[in-house]
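Structure record follows, encoded as structure tokens.
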Amino acid sequence: MQYNHLDIEKKWQEFWAKNQTFKASNPVLSNVEGQLEKPKYYVLDMFPYPSGAGLHVGHPLGYIASDIYARYKRHKGFNVLHPQGYDSFGLPAEQYAIQTGQHPAKTTEENIKTYRRQLDQIGFSFDWSREVRTSSPEYYKWTQWIFIQLFNSWYNKDTDKAEDVAALISVFKKEGNATVNAVCDEEIASFSSDEWNAFSTKEQEEILLQYRLTFLSDTEVNWCAELGTVLANDEIVNGVSERGGYPVVRKKMTQWSMRISAYAQRLLDGLETIDWPQPLKESQRNWIGRSQGAMVTFKVDSGAIKSTSEVKLSYKELEALKVLRLNLSKAEAILWDELKNKKGAAKFRKKYTIGTFLVDYVCLAKNIIVEFSGKEDEAARAEFFTSEGFNFVRFTNQEVIDNVLAVVSKINNTIQFSKPIEKLESNQNVIASETKQSAYKIDVFTTRPDTIFGVSFMTLAPEHELVAKITTDAQKADVQSYITATAKRSERDRMADVKTISGAFTGAYAIHPFSGEKVQIWIGDYVLANYGTGAVMAVPCGDQRDYDFAKHFNIPIPNIFEGVDISEAAHADKDGTKIANSDFLSGLKYKKALKLAIFEMEKRGFGYGKINYRLRDAVFSRQRYWGEPFPVYYKDGMPQMIDEKHLPIVLPEVEKYLPTEDGKPPLGNATEWAWDSRNKKVVSNEKLKNKTVFPLELNTMPGWAGSSWYFNRYMDATNATEFASKESLDYWKEVDLYIGGSEHATGHLLYARFWQKFLFDKGVVPVDEFAKKLINQGMILGTSAFVSIFEGSFIAEDDDLSSTTDTKILFSKSVIDVINKNRILYYDFWNKPTISDDEIIEKYHVAEADVVKVKNLYGTLLELAKKLGFKSILWNKEVLKVRSIHADVSFVNSSDELDLEAFKNWRAEFKDAEFITEEDGAFEVSREVEKMSKSKYNVVNPDDIVTQYGADSLRLFEMFLGPLEQAKPWNTAGISGVSSFLKKLWKLYYNEEVFEVSEEKATSEELKVLHKTIKKVEEDIENFSFNTSVSTFMIAVNGLTALNCNKREILEPLLVLLSPYAPHISEELWSQLGNKESISTVDFPVFDAKHLVESAKNYPISFNGKMRFTLELPLDLSKEEIEKAVLENEKTIAQLEGKAPKKVIIVPGKIVNIVS
RNA sequence: GCUGAAGUGGUGGAAUUGGUAGACACGCUGGACUUAAAAUCCAGUGGUCAGUAAUGGCCGUGCGGGUUCAAGUCCCGCCUUCAGUACCA
């Protein structure tokens, strides 16, 4: 009987589905007999996004590897969890919906069907009873639930974990926020318990939002107009969107954010405990970007600062002003409505600057300032306003809202009875300079506080708020023009141009906190405003950028390193260098100096040790339809969580999937999207007039929401009452082996770790890292096929040149090679048609055969030119002009020959093209390795492979291609190797048409083959070296075929070894051997070393390290006996040519080396 | 620039702690079977030189050094490719 993969594979796939062979049980729950003793093992693939294109052969690579491992673990006696599902929310389905109006749920459903069919036919041992889909309400109910948990939590730095907000509130009630050590927004005003209790509910909610782990905030986001949504940092590549490559701009929006920064240190520390690939860990470390150093404060020298009234704001502040004027608060707007109507002398302006202070309203004619109270620097403002001759009035928000008319009348009163205050000229300078000296300081973060004595200047970002305040008159023009110039450059330009050094001197000086020396203050756009404090202390001798800047502007470069030459470049190396010229730090090494510097700073009070992270909080809102809705409604503008018992909040139906006309997200199109807080359900928007009905959140969650916890759901996938039961979470704990692509390094894998740690803090999950071991499978690349088209010129009968745009001559690959190799010959043929073969052979020393070949081809081409109506082709000594186009790889056979008919049918424009073929009529393409993609016509569909060669062949071949982690090209031609291996295997069990397996005892030779295989395959699987075990199987089958072995003792265990790789054929032969049960949980054969023991070794005999011949010697010989035997050998004597060996090295069982 | 990975026949790739480089497979060449093709089977296949041949010599793991009896493997210095990241103070 012939091996028929089609029947066998169908039969066993049906068998597995019917018998639920791979269903994993939760023993604690089900108390399945015998399962309790089995150790658990959880193998997971990164679940796929079901795209419309279906799978190509690159996709299953990781699934095959994990499937082999899962099946192997079953043979090894583990209770294996190996689930699969779909990350089914996402952009492509929505884009498709926008284009066609089809509901994304529908296309997603269809795509999933295709995926499932494709996955099934490859024979994966997934437990489909646990399938999850992120877009199904039963699943996202729990995504919403986790969101609520995050909302109700804050990060306590003292306990270093997330805790309940309820506990935080009780602290606020009792003692205010002074004792709370939380990860929260910057600049939270401190309040006492009395103040807290006096706050309105809304004010309290506003404050709490600043602590919650997920919070609403106005954040600068990456807005992608083409996609109509914001993108996370990791969704942007080189300034454009990862998906689609559309431009991205910075924009301020109110968004949900996740306080992932709270977990920065723990995310970093956790990396030490997990077995993940080094590069992946490295990119997470980069992304988190921890830098340890110190915050240092430099005071600004008062000497050169001009008077405050001349101060102009920086352009950044001016921009901010414009925005402020447009966005007045409710109280501000009410008051402005009244004030702006005042005519004549009492004309008010809003949001105006007086000196460096921003005032709410001012009437310049009457010298009256009107402000809202509650500003931090009220005392300083009062002092300055008085000194500048202003009267001022202050009101609270509440006063204005309650009775604006009373407020206005009070203002009128002040105008009427204002006492003109004399400006005290003599006094003013004194007051001003005193306040200034203490007012202006520059905070910097440095990772090298040990080099602080090397500071010779400071650099501020041009946008830094101090710039305008400290710039001297003399430098004003310079600074202004520099600021204007930088402002014009986009962020991308600034990033792209690293080489140009630019900057400007402000004229101001800072005081070195240790030495008291004056240090120049510069501005330069190499300093980024939104990183750190937007200012650096420049140490030119130790930092290359500072060095270049100093060199460029002729700023001194003090050397603070002992015995280091810094005349050419900065010395950035920290280890092994001693600090010099640095007061109390001199003579110390990096580490000691660093600690001492921080210690001194803290003692003297102008600095402290600090750790900075690059990791920013993650924006969690997307202006999209096809994602998880938030369980959130808005009451009085403040977000409210819907109680978890009313979850899931199901995605509403919409007319169209685009943003609304007034720019709201697509959910703004929904008509049934309001929350009835009395009846606890989603109702029609028409009811929004009711006092108990509120608008629901219009944003949806990002793609990473659903994928950040799905691995936990698989443990108890159908649980309707819980996220997952505690018992199943405690049993399965974490993923033991996680396989997926490296593109998720900083997205999915970082966010998932963050959520896992959060859920761990809250006691939901038992472990704080979700995957013990992770492997990145390498990409499978496509082997594209190219056809070359002639693009040179012809010579017409009248000797005119003619281009070839409408003539199509296609060259087979080796034709091009021949022409390129002999271009000069062609040129000669063309130039001197009378030249004889002998002349050519003599002139160019080429073989006669080549000349014939060249001449034939020349004739063909000449004929062709004539046929097209030309005299000949224009030959050129240097180049043959051709252009290459992709040909679909499905038209190309294993010998790189193109199916011309198929090609012509595919590309109509080449129907009447001329094909210059090989002598045998074949047409060859040239091949190149590229990424597998539709546009390159090199996509190979696994369906075709499975139909032609079978799933077992596909599985073996994908593994055989090379190491799992490595990128490698796909070439379908190679699959015949594994295919014929399976046929050979089949033949071991058959005698012609009859299944025939002998019960005889196996010979030691046969046992040796088997046990070698057991040993190697087991080692390989444990090391995830799947490619080498495929070779091992081939060697075994070749060996057994040579031995003519058909003994059960060998052939039965062989099937178990093979079954993880080629499960269908193994099951089939296993059952033909008379076994009734599936092979899937049969014990893995045990390796026995005794079968490998040899009595003799074929020793390689080397001379000076070079192997000359081999010599078979018994293994039980002593060193002396081996030496004697080798030296007596005639070949040795011949090699030595009479010389005496200087030394003989003998490694018994390994090698003999003779040094002569 | 920095970080990480990797450079081995025509191709994909093997090679334990340093110990016979090129396993296994594709492709190619030759042969068997066939009217023919496909399929299958057998043999050969790193380069080069010598020899009718058996066989033998030399060179060979990106480049240049080094350690060692012995280096694809270890050390030093370069080059190239791929991936990630980037004015991160």
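Sequence lines set the chain letters: A, B, ... in the order given, protein chains first and strands last, and positions in each chain run from 1.
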field: Pair of N/O donor and acceptor under 3.5 Å linking B:rU17 base with A:Lys1150 side chain
entry: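 Yes, a donor-acceptor pair under 3.5 Å.
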The side chain of [X] lies closest to which of these nucleotides: [options]?
{"X": "A:Met1034", "options": "B:rA25, B:rC58, B:rC26", "answer": "B:rA25"}
{"X": "A:Arg545", "options": "B:rU40, B:rC88, B:rA14", "answer": "B:rC88"}
{"X": "A:Ser976", "options": "B:rG13, B:rG27, B:rC41", "answer": "B:rG27"}
{"X": "A:Ile1035", "options": "B:rC87, B:rU40, B:rA23", "answer": "B:rA23"}
{"X": "A:Lys983", "options": "B:rU40, B:rG4, B:rC87", "answer": "B:rU40"}
{"X": "A:Ile1151", "options": "B:rG19, B:rC69, B:rA23", "answer": "B:rG19"}

field: Pair A:Ser784-A:Glu930, side-chain donor/acceptor within less than 3.5 Å
entry: yes
message: When you compare the side chains of A:Ser1025 and A:Thr1028, does any donor N or O come within less than 3.5 Å of an acceptor on the partner?
response: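 Note: A:Ser1025 and A:Thr1028 side chains meet the donor-acceptor criterion.
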Does the side chain of [X] get closer than 4.0 angstrom to OP1 or OP2 of [N] through an N or O atom?
{"X": "A:Asn971", "N": "B:rA25", "answer": "no"}
{"X": "A:Asn286", "N": "B:rA86", "answer": "no"}
{"X": "A:Arg614", "N": "B:rC87", "answer": "no"}
{"X": "A:Gln966", "N": "B:rG12", "answer": "no"}

query: Looking only at heavy atoms, what is the nearest atom pair of A:Pro540 and A:Ile557, with distance?
result: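 It is CB-CG2, 3.8 Å.
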- request: Could you provide the dot-bracket string of RNA chain B, using ( ) for intrastrand pairs, [ ] for crossing pairs and | for bases paired to another strand, with Watson-Crick or G-U pairs below 3.5 Å?
  value: (((((((..(((......[....)))((((((.......))))))(((((....)))))..(((((..]....))))))))))))....
field: Syn/anti state for B:rG10 [syn: chi within 90° of 0]
entry: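 In terms of base orientation relative to the sugar, B:rG10 is anti.
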Test of ring centre spacing under 6.0 Å for A:Phe457 and A:Phe549: yes
